[in-house]
Protein chains: 2
Amino acid sequence: MSEDKRQTSRRKTSAGSAELDLPEATVARLPEYLRALHALAEIGRDTVSSEDLAAAAGINAAKLRKDLSQLGSYGTRGVGYDVELLTSQISTVLGLTENRAVALVGIGNLGHALAGYAGFSPRGFRIAALFDIDEGRLGETIGGLLVRHVSEIADVVVTEGISIAMLTTPPHAAQPVADMLVEAGVTSILNFAPCVLSVPEGVDVRKVDLAIELQILSFHEHRKATARTATPESASPKTASVNPPPPSPATAPGIAFSDQAENA
Amino acid sequence: MSEDKRQTSRRKTSAGSAELDLPEATVARLPEYLRALHALAEIGRDTVSSEDLAAAAGINAAKLRKDLSQLGSYGTRGVGYDVELLTSQISTVLGLTENRAVALVGIGNLGHALAGYAGFSPRGFRIAALFDIDEGRLGETIGGLLVRHVSEIADVVVTEGISIAMLTTPPHAAQPVADMLVEAGVTSILNFAPCVLSVPEGVDVRKVDLAIELQILSFHEHRKATARTATPESASPKTASVNPPPPSPATAPGIAFSDQAENA
DNA sequence: TTTTGTGAACCGGTTCACAGCA
DNA sequence: TGCTGTGAACCGGTTCACAAAA
């Protein structure tokens, strides 16, 4: 972990396509910029300043500029960034030009919901295979896709060209399933099971744990609550709006939402 | 943002309960330690070294020790940490001693799954109210809980003592709903809608965006793919196991998973 | 004049290595 | 002797402020 340190690497490698070595923090924000750009394109903007784009992405402008400069400067001073150009630039860097096939293993409560989620396709992904181990689920089709037995993972991953999988099994099944996926050639896993996954080098794992997210919020609630009792200057336990003024005054009448989190 | 800098604050404030000022990175890891501790307790361990606990949480030992030392040293040198003591200590810090009531707004695909998710209660949370705007869903009960109209948010949040909400509406509905929640007294929101939320100061928002997670993985896939073609020394597109040896040799027969990500 | 791109300062967090305690 | 607690070095990332370009 502490060999040489002269990896100042930037820009291209051998291949013609720009092979940059982006900071992980930047990579994590690029998708947010992409979403904001799509929203801007939607409303007809064809150029945008770092200030505006940053606001749309919920980031500050300096950070955004530094991030974008890492990809090699696609803005025009005095003007801003070309929405379309920047969109395609970020899409390319993220490898979203091809629609990536994703496998989903564990068709339970959550897996079922993800299988039916329409928001993936417009953002570069296509759920290409569903797996479970429960006999009772095997015949079922969800969104026109058959639920197959986990023993078919090896075959299907290869034939469908899948390299990314989402894991929504119970925790005790997660490690063996992850092993199967890796064995089959999957090199990226999005793990929803509340457990740590051990994978060989070269395989990326990202974890989504809803209870952990709530627990982090709980900590801040706890802190706010004790701070409130410790400083009893204001009796009302309400908010303390300072920076971003709450836009609509609540109780908006006609919202009309039918399904869950779609695409922006 | 840059006033005085002598906020070396640690340990207690006025109230008797230890009011520490933990680094955000530490807070984000405490839930993982907690999960690991539960797993250790399950298998009968009543004491654990920083090395072992770190491994169980997927963190390195030095980081874990520094994190735990922030809470005020609950280990015994030469021995390790008492599992039960540490568990209760972390639970207290995270404010998980009371079972927190959580509201869920947007009973679509994903919302439905979360409403039925059994994994929250053993980790400190209880879904106490469901809301939607769609007339067609209003009568429905999920897990014994009635789906109410969003207009009832104000009432129910107060009577149920709710301070945390999960938002699983489509993006265009997210901001107005967030405003209603904040207005009603909610001070923490877990947002699953792919959009930025604007809230007054004092309200915490955490975001979970599945497509973003996939896009981050996509970036690394892209990088791995180009690296592979750029360095064609090995023809096989398989893994390169080095550090953690994959435990089970894949194709495990009897896993038996019926529902999705439960608790550890 | 406007807005980008970026060097430099700054800061939070991680890693290291070892002193201190059981 | 073994393992924790922590100062110090280190590092990635953020913020600042301004020079350069359109």
Side-chain angles (χ1 to χ4, degrees), chain A residues 1-11 20-30 32-33 37 40 45-83 85-86 89-90 216, chain B residues 1-11 20-30 32-33 37 40 45-83 85-86 89-90 216:
Chain A
M1 293 290 179
S2 60
E3 302 100 67
D4 58 356
K5 60 161 21 183
R6 55 97 187 87
Q7 40 94 265
T8 34
S9 48
R10 279 272 223 93
R11 239 31 39 113
L20 22 246
D21 199 8
L22 302 180
E24 201 41 47
T26 297
V27 172
R29 281 188 297 263
L30 290 180
E32 200 68 60
Y33 302 152
L37 285 166
L40 288 166
R45 294 288 297 271
D46 59 344
T47 200
V48 65
S49 70
S50 64
E51 199 68 51
D52 289 357
L53 181 53
I59 314 276
N60 74 56
K63 208 186 302 194
L64 177 130
R65 282 206 302 279
K66 190 137 258 189
D67 282 343
L68 294 189
S69 76
Q70 309 261 17
L71 333 174
S73 307
Y74 282 83
T76 307
R77 296 175 196 226
V79 178
Y81 300 88
D82 180 277
V83 170
L85 177 61
L86 188 53
Q89 180 57 214
I90 294 179
I216 295 170
Chain B
M1 291 292 181
S2 59
E3 302 100 64
D4 58 356
K5 60 159 24 182
R6 56 97 187 86
Q7 40 93 263
T8 34
S9 49
R10 279 274 224 94
R11 240 30 41 112
L20 24 242
D21 199 9
L22 302 181
E24 202 38 48
T26 296
V27 172
R29 280 189 297 264
L30 290 180
E32 199 69 59
Y33 302 152
L37 284 165
L40 287 166
R45 294 287 297 269
D46 59 342
T47 199
V48 65
S49 70
S50 64
E51 198 68 49
D52 288 356
L53 181 52
I59 314 276
N60 75 56
K63 206 185 303 192
L64 177 130
R65 282 205 302 277
K66 191 138 256 189
D67 282 342
L68 294 189
S69 76
Q70 308 262 17
L71 331 174
S73 308
Y74 281 82
T76 308
R77 297 176 195 225
V79 180
Y81 300 89
D82 181 278
V83 171
L85 178 62
L86 188 53
Q89 180 57 214
I90 295 179
I216 295 170

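Reminder, nothing fancy here: chain letters follow the sequence lines and each chain counts from 1. Keep in mind that this is a model prediction, so the values were computed, not measured.
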What nitrogen or oxygen pairs link the protein and nucleotides 17-20 of chain D at under 3.5 Å?
from   : atom 1 : to    : atom 2 : distance (Å)
D:dA20 : N3     : A:R77 : NH1    : 2.9

Exercise for review: Return no unless some side-chain N or O of A:K63 is found under 4.0 Å from OP1 or OP2 of D:dT15.
Suggested key: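 Yes, because at least one side-chain N or O of A:K63 sits under 4.0 Å from OP1 or OP2 of D:dT15.
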Below 4.0 Å: OP1/OP2 of D:dC3 and any side-chain N or O of B:Y74:
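So the side-chain polar atoms of B:Y74 never come under 4.0 Å of the phosphate oxygens OP1 or OP2 of D:dC3.
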Please state how far atom [atom1] in [X] lies from atom [atom2] in [N], giving the value in whole angstrom units.
| X | N | atom1 | atom2 | result |
| --- | --- | --- | --- | --- |
| A:L64 | C:dT3 | CG | P | 14 Å |
| A:D67 | D:dT14 | CG | C1' | 10 Å |
| A:E24 | D:dT14 | CD | P | 11 Å |
| A:L86 | C:dT4 | CG | C1' | 13 Å |
| A:Q70 | C:dT6 | CD | C1' | 10 Å |
| A:L22 | D:dG13 | CG | P | 10 Å |
| A:D82 | C:dT4 | CG | C1' | 15 Å |

Using side-chain heavy atoms (C-beta onward) and a distance below 4.5 Å, is [X] in contact with [Y]?
| X | Y | value |
| --- | --- | --- |
| A:L30 | A:L71 | yes |
| B:L86 | B:I90 | yes |
| A:K66 | A:T26 | no |
| A:L64 | A:R29 | no |
| B:D52 | B:L40 | no |
| A:I59 | A:D67 | no |

Q | Nucleotide nearest B:K66 when distance is taken to its side chain, options D:dG5, C:dT14, C:dG5 | A |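 Of the options given, the side chain of B:K66 lies nearest C:dT14.
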Considering only heavy side-chain atoms of A:N60, the closest of D:dA8, D:dT14, D:dT15 is D:dT15
Give, for atom [atom1] of [X] and atom [atom2] of [Y], the distance between the pair rounded to the nearest 0.5 Å.
| X | Y | atom1 | atom2 | result |
| --- | --- | --- | --- | --- |
| B:S50 | B:K63 | OG | NZ | 13.5 Å |
| B:Y81 | B:L68 | OH | CG | 4.5 Å |
| A:L53 | A:Y33 | CG | OH | 7.5 Å |
| A:E51 | A:N60 | CD | CG | 8.5 Å |

(message) Looking at every non-hydrogen atom in both residues, tell me the closest pair between A:L22 and A:V27 and how far apart they are.
(response)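 Nearest heavy atoms, A:L22 then A:V27: CB-CG2, 3.7 Å.
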Closest non-hydrogen contact found for A:Q70 with A:P23 is NE2-CG, 3.5 Å
DNA chain D: 5'-proximal contact among B:T76 and A:T76 (nearest heavy atom) |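 Checking each residue's closest nucleotide, the 5'-ward one belongs to B:T76.
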Residues of residues 46-57 of chain A with a heavy atom under 4.0 Å from any atom of DNA chain C, listed by number, are A:S49, A:S50
With five pairs defining each end axis, the helix from C:dT1-D:dA22 to C:dA22-D:dT1 comes out bent, to 10°, by 10°
